[in-house]
2 protein chains.
Amino acid sequence: MRKSNETLASLIQVSYCLFAEHGIAKTTYTMIAKRVGIAKPSIYYYFDSKDALITGVFDELCKAIEFPAFFELEQFIEDNFVENLIAVGVKMIDEQDKDPYFKRVLQEYMLLATRDQDFSKRLLALQKDYLSGFEALLEKASMLGLLKNKDNLVAKAHMLALILDNIGNFMMFDEQIDYKQIWIEAVHSLFTKEETDENETTNYRI
Amino acid sequence: MRKSNETLASLIQVSYCLFAEHGIAKTTYTMIAKRVGIAKPSIYYYFDSKDALITGVFDELCKAIEFPAFFELEQFIEDNFVENLIAVGVKMIDEQDKDPYFKRVLQEYMLLATRDQDFSKRLLALQKDYLSGFEALLEKASMLGLLKNKDNLVAKAHMLALILDNIGNFMMFDEQIDYKQIWIEAVHSLFTKEETDENETTNYRI
DNA sequence: GTCTATATGGGGATAGAC
DNA sequence: GTCTATCCCCATATAGAC
């Protein structure tokens with residue numbers, strides 16, 4: 001007999017994967033129980049209902065997201081600002097490449113959120129953090145005099161956030177696009193280009 | 001007795017709405033039949049199975065999208081290029097505001113597409129058209145000498161496309177953001193700013 | 001905490017009359 | 001084309017033993 005915690009963790013992990021593979025609505029207790037390796041009714045020991053399970057998986061997802069300050073404002077200084085910002089984006093793109101489940105499951109919950117106040121509120125809160133992160137970043141860049149233009153910082157920050165976010169969505173089902181280059185263009189479009197070698201600005205390298 | 005065409009149209013229309021309201025997987029023949037005002041088995045006269053219905057709705061959706069040249073390249077000339085491009089985006093934003101169902105249903109199918117080759121192919125084709133539209137546009141802008149920088153036109157075009165697309169997604173569940181301003185910033189970030197009155201560039205008006 | 005057995009409801013789908 | 005009646009299956013969920 002395994003410890004309850006293990007089963008619970010496995011239950012959530014397995015559900016998460018199945019949600020990505022089949023969608024939340026089409027994932028059944030039968031599938032979950034089978035893959036976890038327990039009997040179907042055992043799930044009810046941990047979750048009173050399927051809705052509870054769906055919420056439970058969402059809770060874990062939120063914890064995992066909560067950009068644990070996915071970028072540190074302090075480490076952005078005048079010298080490395082643009083490179084750093086590009087690196088952050090490239091890193092996020094690479095991570096999404098590794099975990100294609102994440103965006104899918106998140107999209108599932110986004111759709112649920114359009115019909116459920118609770119999910120909606122919590123996703124909005126996450127989104128707000130995400131957006132403010134970029135706002136703070138651009139504010140700092142502005143104060144350092146790194147931006148081409150100081151107007152409408154908020155809109156510019158949101159622009160960057162929207163791009164990075166949607167790169168993840170597009171990656172879900174289109175492999176052909178040069179996402180890193182898009183991100184680089186987006187960043188360069190806002191920042192004063194420090195004069196470097198032509199080749200370096202046109203072709204990125206990691 | 002109504003004509004078959006009417007019933008079919010109603011069937012698709014109602015399904016489309018229910019798909020948006022409840023999600024595809026949770027929309028049942030019972031719901032559809034009730035709202036259309038026919039008996040449940042009557043649906044089978046038009047669609048052999050629920051999968052067939054789902055595909056049928058998708059067919060209609062695709063027809064509706066196929067950006068019937070959602071912007072005309074010819075009408076973009078040197079004098080009005082930026083304004084026109086902004087207007088196109090603002091128009092799309094306004095339209096999404098009017099039909100909040102559209103993006104939701106599309107997202108539903110996007111998720112289906114991650115698990116179904118057929119949907120995937122067809123959505124990719126649509127996406128490609130959408131992206132090439134922006135590519136052609138920026139190419140023209142570049143030849144007219146309207147861009148700040150002629151490098152990586154494709155990436156820049158994709159950047160614009162990603163932004164406009166994700167504005168639609170965000171609008172699904174966040175009303176608070178100034179989407180039009182984001183779009184304006186995105187466009188301005190690529191184009192050489194013609195010198196106009198300060199106020200006009202910082203605050204848009206329709 | 002996990003099991004077997006079982007209840008219940010509603011989903012997609014068919015048969016066949018009109 | 002649309003209906004009524006009906007079938008089957010499987011999903012969520014419960015009861016109660018171990």
Side-chain angles (χ1 to χ4, degrees), chain A residues 1-60 104-105 108-109 111-112 115-116 118-119, chain B residues 1-60 104-105 108-109 111-112 115-116 118-119:
Chain A
M1 197 182 308
R2 68 221 295 192
K3 276 190 302 189
S4 130
N5 280 343
E6 274 177 32
T7 307
L8 179 59
S10 171
L11 217 38
I12 288 172
Q13 175 64 24
V14 163
S15 300
Y16 170 81
C17 293
L18 287 169
F19 286 177
E21 291 169 26
H22 305 281
I24 293 177
K26 303 209 79 170
T27 299
T28 69
Y29 268 33
T30 307
M31 296 178 193
I32 298 170
K34 187 178 173 187
R35 198 178 285 188
V36 171
I38 58 176
K40 203 165 38 164
S42 301
I43 302 175
Y44 286 88
Y45 176 78
Y46 298 95
F47 298 99
D48 289 341
S49 67
K50 196 184 171 185
D51 276 346
L53 171 65
I54 293 171
T55 305
V57 172
F58 185 64
D59 292 342
E60 285 303 311
R104 267 194 256 182
V105 178
E108 290 273 339
Y109 281 106
L111 282 168
L112 282 193
R115 300 160 205 136
D116 179 312
D118 283 338
F119 288 135
Chain B
M1 197 184 307
R2 68 220 297 195
K3 277 191 301 186
S4 130
N5 281 343
E6 273 178 33
T7 307
L8 179 60
S10 171
L11 216 39
I12 288 173
Q13 174 63 26
V14 163
S15 300
Y16 170 81
C17 294
L18 286 170
F19 286 177
E21 290 169 27
H22 305 283
I24 293 177
K26 304 209 79 171
T27 299
T28 69
Y29 268 32
T30 308
M31 296 179 193
I32 297 170
K34 188 178 173 188
R35 198 178 286 187
V36 172
I38 58 176
K40 193 164 53 158
S42 301
I43 302 176
Y44 287 88
Y45 177 78
Y46 298 95
F47 298 99
D48 289 341
S49 67
K50 197 185 172 186
D51 276 346
L53 171 65
I54 293 171
T55 304
V57 173
F58 185 63
D59 291 342
E60 285 303 309
R104 266 195 256 182
V105 178
E108 291 272 340
Y109 281 106
L111 282 168
L112 282 193
R115 299 160 205 135
D116 180 310
D118 282 339
F119 289 135

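Just so it is clear, the structure is predicted and the values come from calculations on it, not from any experiment. Chain identifiers are assigned alphabetically (A, B, ...) following the order of the sequence lines, protein sequences preceding nucleic acid strands; residue numbering begins at 1 within each chain.
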Could you tell me how far apart I38(A) (CD1) and dG1(C) (P) are, to the nearest whole angstrom? 13 Å
Write out a two-atom table: protein N or O, nucleotide N or O from nucleotides 6-11 of chain D, distance below 3.5 Å.
residue, atom, partner, partner atom, Å
dA11(D), OP2, T30(A), OG1, 3.3

To the nearest angstrom, how far is Y44(B) atom OH from dA17(C) atom C1'? 19 Å
Verify the contact: side-chain N or O of Y45(A) to OP1 or OP2 of dT2(C), cut-off strictly under 4.0 Å; return yes or no. no
Rounded interatomic separation in angstrom, taking NZ from K26(B) and P from dG11(C): 10 Å
What is the distance, to the nearest angstrom, from the CG atom on D51(B) to the C1' atom on dG11(C)? 14 Å
With D116(A) via salt bridge (Lys or Arg N to Asp or Glu O under 4.0 Å) - residues at least two apart: none
List for me each residue that meets side-chain hydrogen bond (donor to acceptor under 3.5 Å, both in side chains) alongside Y29(A), sequence neighbours excluded, and say none if there are none. none
Using whole Å, report how far OH of Y46(A) lies from P of dC3(C). 10 Å
Rounded distance in Å - CD1 (I43(B)) to P (dT4(D)): 13 Å
In whole angstroms, the gap separating P of dT2(D) from NZ of K34(B) amounts to 20 Å
Out of dA13(C), dT2(C), dC3(D), whichever nucleotide has its closest atom nearest the side chain of A39(B): dC3(D)
